[in-house]
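Side chains included, hydrogens not; waters and symmetry mates left out as well; all remaining heavy atoms used.
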Amino acid sequence: MTAIHAPKNDLAQSAETPTYDVIVVGGGFGGIYQLRHLRDRGFSVILLEASGGFGGAWSLNRYPGARVDSHAPVYQFTDEYLWKDWDFSQMYPDHEEMRSYFNYVDSKLDLSKDSRFNTKVVGATFDEEQRMWNLETQDGATFRARFVVFATGSTTEPYTPSIPDMDAYQGELVHTARWRSDLDMTGKRVAIIGTGASAVQVVQEAGPVVENLTVFQRTPNISLPMQQKYLDDEEQAALKNKMPEVAAKCRETHAAIDYDFDPRSGVETPEDERNAVFERLWNQGGFAFWLGNFSDYLFNDKTNDEAQRNSPLLLGEIPHL
């Protein structure tokens, strides 16, 4: 690895405005990675996180059914120092287990000592004369740094549509990205707007307990079964043995996952062989049917038609998602 020489930490400190080499904004996977490696290279760093803990979206997303959509081996840091002592209990961990994972990472790397939680950055200006960034937080605090790294992701700020007279609605209004812990749907009449991943997860939890459920859909969507399961000791050990290979593969693929598109053309592959690929990917679950399929199925109508025509869902081999 090429040596990186950090600048001397000779920044003038102010009692009112703490000053650092780098400020990292956001405490999810990206922010934690930046904090760890910048700190290890000798920079003075602070991480500012708007929520009350590490995890990014997983610190905020606590709605019923919230869980990852990637299989557990790839939904973690690929550093052996971190994965060797951690086992997920589910192939697709839920939001509670993800927060436990980030607490574990914090305990291994001692991240909290260089982090400030419940600290939302609301403004950033650059001082041309001093060549410094000045950041302001929601509570009025200020921070200065030579560099600012925004690791804020793309799925943490909720979008609420402007619906006429919505403020006149007398029932409970809640966004999945800001779910209230005291909210109970049991026996209620519930309406869900949208059919994205969050909506699909909430629907599966709400359906069995509500009095009536209505889903408002703008655009038809397809939902594939993820083949969720709890992992026993033997399965966890098998996954752990494969982690070096999984970690290496994640660094090579465009989706940072341990498989890639099949380079063959689906329509040029013999029918029996093509259908065997479809069945294997379907049974594999997760993103496999999407990101491990024939390389031309996203732009070749014939291959795409074959993928749909031969999916167990459309053949009626499974009763429901």
Side-chain angles (χ1 to χ4, degrees), residues 27-30 32-33 36 53-112 181 197-198 200-202 204-205 207-209 223-253 255-260 276-293 312-313 317-321:
F29 277 105
I32 288 174
Y33 184 92
R36 177 193 183 185
F54 292 114
W58 299 111
S59 180
L60 297 169
N61 285 350
R62 305 182 181 216
Y63 59 85
R67 67 177 61 252
V68 307
D69 48 16
S70 304
H71 50 297
V74 304
Y75 211 91
Q76 58 182 316
F77 288 107
T78 55
D79 184 346
E80 183 178 359
Y81 176 69
L82 295 175
W83 59 251
K84 68 178 181 179
D85 295 324
W86 176 264
D87 290 303
F88 282 111
S89 68
Q90 307 169 68
M91 182 60 79
Y92 297 88
D94 62 20
H95 60 101
E96 294 180 351
E97 188 162 25
M98 286 308 305
R99 286 193 292 279
S100 295
Y101 171 72
F102 281 103
N103 288 336
Y104 157 78
V105 172
D106 184 17
S107 71
K108 294 279 285 186
L109 302 179
D110 195 16
L111 302 168
S112 290
S181 60
S198 298
V200 170
Q201 291 174 333
V202 173
Q204 294 179 81
E205 299 296 318
V209 301
S223 301
L224 304 179
M226 61 172 53
Q227 312 296 4
Q228 164 71 321
K229 64 177 180 178
Y230 283 87
L231 302 169
D232 58 29
D233 292 344
E234 183 177 344
E235 290 170 320
Q236 289 174 335
L239 292 176
K240 190 65 63 69
N241 288 335
K242 293 181 180 179
M243 272 305 299
E245 177 184 343
V246 169
K249 188 67 175 179
C250 286
R251 298 186 182 101
E252 299 173 356
T253 61
I257 207 164
D258 60 334
Y259 49 79
D260 213 338
V277 170
F278 291 149
E279 184 174 4
R280 174 180 58 80
L281 295 174
W282 184 274
N283 292 330
Q284 186 174 338
F287 285 152
F289 203 80
W290 172 31
L291 296 174
N293 219 311
L313 177 63
E317 294 180 14
I318 59 174
H320 58 272
L321 294 178

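- Atom CD of Glu252 sits in a crowded spot, with more than 12 heavy atoms from other residues, nucleotides or ligands closer than 6.0 Å.
- Among all heavy-atom pairs drawn from Asn283 and Gln227, the shortest one is O-CG, 3.5 Å.
- Tyr33 and Phe77 have parallel rings, their planes meeting at less than 30° on a 0 to 90° scale where 60° marks the start of perpendicular.
- Closest approach of Phe29 to Gln76, counting heavy atoms only: CE2-CA, 4.0 Å.
- Closest approach of Ala66 and Asn61 over heavy atoms only: CB-O, 4.1 Å.
- Atom CG of Asn293 and atom CZ of Arg280 lie 9.0 Å apart (nearest 0.5 Å).
- Atom CE of residue Met98 and atom OG of residue Ser59 lie 11.5 Å apart, to the nearest 0.5 angstrom.
- Once rounded to the nearest 0.5 Å, the distance linking CE of Met91 with NZ of Lys229 reads 5.0 Å.
- Between Phe88 and Ser100, the closest side-chain pair of non-hydrogen atoms is not below 4.5 Å.
- Of the inter-residue distances, the one linking Lys108 atom NZ with Leu82 atom CG reads 7.0 Å to the nearest 0.5 angstrom.
- Considering only heavy atoms from C-beta on, Asp87 stays 4.5 Å or farther from Leu231 through its side chain.
- Closest approach of Glu97 to Asp94, counting heavy atoms only: N-OD1, 2.9 Å.
- Separation of atoms NZ (Lys240) and CG (Asp85) is listed at 7.0 Å; rounding is to 0.5 Å.
- Two residues are said to be in side-chain contact when any heavy atoms from C-beta on lie closer than 4.5 Å; Pro73 and Met243 meet this criterion.
- Heavy atoms only, all atoms of each residue included: Gln201 and Arg67 are closest at NE2-O, 3.1 Å.
- In this structure, the ring of Tyr101 has its center no less than 6.0 angstrom from the ring center of Phe54.
- There is a side-chain donor-acceptor pair under 3.5 Å between Ser112 and Asp106.
- Ion pairing between Asp258 and Lys242 fails under the 4.0 Å rule for side-chain N and carboxylate O.
- Contact check for Asp232 versus Glu235: side-chain heavy atoms found under the 4.5 Å cut-off.
- Tyr104 OH: more than 12 foreign heavy atoms inside a 6.0 Å radius.
- Remark: the backbone N or O of Thr78 is paired with a side-chain donor or acceptor of Trp83 at under 3.5 angstrom.
- Listed for the Tyr63 side chain is no donor-acceptor partner under 3.5 Å among the backbone atoms of Val202.
- Using the six-membered ring where Trp is involved, Trp290 and Phe287 have ring planes that are perpendicular, over 60° apart on the 30 and 60° scheme.
- With rounding to the nearest 0.5 angstrom, the OH atom of Tyr230 is 12.5 Å from the CD atom of Gln236.
- In this structure, Leu109 and Tyr81 have side chains that are in contact, with non-hydrogen atoms separated by less than 4.5 Å.
- Counting non-hydrogen atoms of neighbouring residues, nucleotides and ligands closer than 6.0 angstrom, the CG atom of Asn241 exceeds 12 such neighbours.
- Contact record, His71 with Tyr259: CE1-CE2, 3.7 Å, taken as the closest heavy-atom pair.
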